[in-house]
Amino acid sequence: MTFRWHSNLAAGNMWMPEREPEVPPPPPEPGLLASAYDETVAFLRVAPRRDDGSLEAGASLIRGLRDNGLLLTAQGAGTLLALCDRTVPSKAEFVHCCCLGTAE
């Protein structure tokens, strides 16, 4: 028995609206990065973790950075959370995550 895959998109039966291209955020200011890194390290030292070592409150970290003016792209936020799940990131790793996908 073969499975016949069908999709309205593939068949051309469905109209998909055009998406506006995402405008990348500007690169963060160096002073903002330095203070945000210090606050992130302080947060990570006391943040609750699951049994596997991952952060329980990853969204709180990203929200806190955003509330303090540091806008991360989805790629930057995901990379930062992945690093924070295993260890406290170095300052270079933190800056790299904060600059991923920003307008150069």
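The first residue of the sequence shown is numbered 1, and numbering continues consecutively from there. Just the heavy atoms: all of them, side chains too, but no hydrogens, waters or symmetry mates, feed the values below. Bear in mind that the values here come from a model prediction, so they are computed numbers and not experimental data.
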Give, for atom [atom1] of [X] and atom [atom2] of [Y], the distance between the pair rounded to the nearest 0.5 Å.
{"X": "Leu61", "Y": "Cys84", "atom1": "CG", "atom2": "SG", "answer": "5.5 Å"}
{"X": "Cys99", "Y": "Leu33", "atom1": "SG", "atom2": "CG", "answer": "5.5 Å"}
{"X": "Cys98", "Y": "Leu65", "atom1": "SG", "atom2": "CG", "answer": "6.5 Å"}

*Does a side-chain heavy-atom distance below 4.5 Å link Arg49 with Leu44?*
yes
*Does any non-hydrogen side-chain atom of Leu100 lie less than 4.5 Å from one of Leu72?*
no
Honestly curious: do [X] and [Y] fall in one hydrophobic cluster under the side-chain, below-4.5 Å linking rule?
{"X": "Leu83", "Y": "Phe43", "value": "no"}
{"X": "Leu81", "Y": "Leu71", "value": "no"}
{"X": "Leu32", "Y": "Tyr37", "value": "yes"}

*Provide the closest heavy-atom pair for Glu39 versus Asn68 in the form atom of the first, atom of the second, distance.*
OE1-ND2, 3.5 Å
*Over all heavy atoms of both residues, which pair between Leu80 and Phe94 is shortest? Give the atoms and the distance, please.*
CD1-CD1, 3.8 Å
*Do other residues, nucleotides or ligands put more than 12 heavy atoms under 6.0 Å from Asp52 CG?*
yes
